[in-house]
Asker: 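Structure incoming, see below.
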Amino acid sequence: MTLPPPSFGSAGEHRLQQHMGTAERAARFYDQQVRPCLTPEMRDFIGRQSMVFLATADSHGECDASFRAGPPGFVHVIDDHTLAYPEFRGNGVLASAGNMTENPHLGMLFVDFTHHHVGLHVNGTARLYSDAGLRSLHAGLPVDVAPGRSPEMWVHVSVEEAYIHCSKYIPHLEPAPRPSGHDAARPKDANYFTGLGAALGTRHP
């Protein structure tokens, strides 16, 4: 069976599909699951999420995985082609945002571990804006995204493809109260991680 060229996916994945004999199965997935924009159901799902995993790479293809969290809906749906989320003051490394200045391609993975056990992949291109700069373009941005914290910048995402992650292997997690007291103490220096590595049986240089 000869299939038309797929509209989604990389050349590398298509070559591997041919090699592994999965091209027809993959073509059905692209046709039935992958969308060039956010559906109403996807928009509603994002509006309920309090965390997202990020994938970025620099201009050399060196990758970085990161995590963002906030109140439900902190990733703001502007329209079916556009998302925005705030970057707050952190450790000052700016690894993800720095990658975006070299390579705008961004992968986002939202996962609901507690209720519907659904994941949502959103891939697109990112652009950084100041708070005032993005508000001048999109006046409907939420004003108090995280009480007591002001965005240092916003990441504006132009959606190129979105698709649902199979729920079959998403684990169920029970929400629990945030630890307090000694258990909530943050590690202050590298000695913590050296001790943790020793406890886990790993070696450190």
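Numbering starts at 1 and runs along the sequence shown.
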Asker: Between Thr22 (side chain) and Arg25 (backbone), is there a donor-acceptor pair under 3.5 Å?
Answerer: no
Asker: Starting from the C-alpha separation in whole Å, work towards a yes-or-no answer on side-chain contact (heavy atoms from CB on, under 4.5 Å) for Trp154 and Val145.
Answerer: CA-CA 11 Å; Trp154 285 82; Val145 183; 3.7 Å; yes
Asker: Tell me whether the count of non-hydrogen atoms from other residues, nucleotides or ligands lying under 6.0 Å of NE2 in His172 goes above 12.
Answerer: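 Result for NE2/His172: enclosed.
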Asker: With heavy-atom distances below 4.5 Å as the criterion, would you say the side chains of Arg68 and Ser96 are in contact?
Answerer: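 In contact.
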Asker: Give me the atom names and distance for the closest heavy-atom approach of Asp64 to Ala95.
Answerer: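 Minimum heavy-atom separation between Asp64 and Ala95: OD2-CB, 4.1 Å.
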Asker: What heavy-atom pair brings Leu134 and His156 nearest, and what distance separates the two atoms?
Answerer: CD1-CD2, 3.8 Å
Asker: Going from CD on Glu152 to CD on Glu87, what distance comes out if it is rounded to the nearest 0.5 angstrom?
Answerer: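 Output value for this atom pair is 9.0 Å.
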Asker: Between Val159 and Thr82, is any pair of side-chain heavy atoms under 4.5 Å apart?
Answerer: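 Side chain of Val159 against side chain of Thr82, heavy atoms only: no contact under 4.5 Å found.
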Asker: Could you pull out the closest heavy-atom pair between Ala126 and Val155, with the gap in Å?
Answerer: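 Scanning both residues completely, I find the closest heavy atoms to be CB-CG1, 3.8 Å.
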Asker: Does His165 reach the side chain of Val111, with side-chain heavy atoms less than 4.5 Å apart?
Answerer: no
Asker: Inspect the surroundings of CZ in Arg15 and state if more than 12 heavy atoms from other residues, nucleotides or ligands are less than 6.0 Å away.
Answerer: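 Atom CZ in Arg15 is not packed in, count stays at 12 or less.
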Asker: Rounded to the nearest 0.5 Å, what separation is found between the CG atom of Asp112 and the NE2 atom of His117?
Answerer: 7.0 Å
Asker: Less than 6.0 Å separating the ring centroids of Tyr30 and His14?
Answerer: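 Between Tyr30 and His14, the centre distance is under 6.0 Å.
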Asker: Find the distance between CE (Met20) and CD (Gln18) and round it off to the nearest 0.5 Å.
Answerer: 12.5 Å
Asker: Is there a path of hydrophobic side-chain contacts, each under 4.5 Å between heavy atoms, that joins Tyr163 and Val122?
Answerer: no
Asker: If you group Ile, Leu, Val, Met, Phe, Trp and Tyr by side-chain heavy-atom gaps below 4.5 Å, do Phe113 and Val52 land in one group?
Answerer: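 No, because Phe113 and Val52 fall into different hydrophobic clusters, even though each may have its own neighbours under 4.5 Å.
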Asker: Are the side chains of Phe74 and Pro142 in touch, meaning some heavy atoms are under 4.5 Å apart?
Answerer: no
Asker: Minimum heavy-atom separation for Ala84 and Ile78, please, with both atom names.
Answerer: CB-CD1, 3.9 Å
Asker: Roughly how far, to the nearest 0.5 Å, is CZ of Arg35 from CD of Glu41?
Answerer: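 Rounded to the nearest 0.5 Å, the CD-CZ separation comes to 10.0 Å.
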Asker: Of Met100, His105, Glu62, Glu102, which is the lone residue that meets side-chain contact (heavy atoms from CB on, under 4.5 Å) with Thr56?
Answerer: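 The option that passes is Met100.
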Asker: Among Ser150, Pro86, Pro151, which one satisfies side-chain contact (heavy atoms from CB on, under 4.5 Å) with Asp131?
Answerer: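 Going through the options one by one, the only one that passes is Pro151.
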Asker: If you compare all heavy atoms of Cys37 against all heavy atoms of Met42, which two are closest, and at what distance to 0.1 Å?
Answerer: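 Closest approach of Cys37 to Met42, heavy atoms only: O-SD, 4.1 Å.
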Asker: Flag the pair His76 / His138 as yes when their ring centroid distance falls below 6.0 Å, and as no otherwise.
Answerer: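 Judged by ring-centre distance (under 6.0 Å), His76 and His138 do not meet the cut-off.
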Asker: If you round to the nearest 0.5 Å, how far is CD1 of Ile46 from CD of Gln49?
Answerer: 8.5 Å
Asker: Calculate, to the nearest 0.5 Å, the distance between atoms CG and CD belonging to Leu38 and Glu161 respectively.
Answerer: 11.5 Å
Asker: Going hydrophobic residue to hydrophobic residue with side-chain gaps under 4.5 angstrom, can you get from Val75 over to Leu128?
Answerer: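 Yes; Leu128 is reachable from Val75 via cluster members.
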Asker: In terms of hydrophobic clusters joined by side-chain contacts under 4.5 Å, are Leu109 and Tyr85 together?
Answerer: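 No, Leu109 and Tyr85 fall in different hydrophobic clusters.
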Asker: By ring-ring contact (aromatic ring centres under 6.0 Å, His included), which residues pair with Phe67, not counting sequence neighbours?
Answerer: Phe53
Asker: Under a 3.5 Å cutoff, is there a donor and acceptor pairing between the side chains of Glu160 and Asn123?
Answerer: no
Asker: So do the side chains of Met108 and Leu83 get within less than 4.5 Å of each other, counting heavy atoms only?
Answerer: yes
Asker: Is any side-chain heavy atom of Ile164 closer than 4.5 Å to one of Phe45?
Answerer: no
Asker: Are Leu137 and Met153 joined in one hydrophobic group, where the rule is that I, L, V, M, F, W and Y side chains link up if heavy atoms are under 4.5 Å apart?
Answerer: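 Yes, one cluster joins them.
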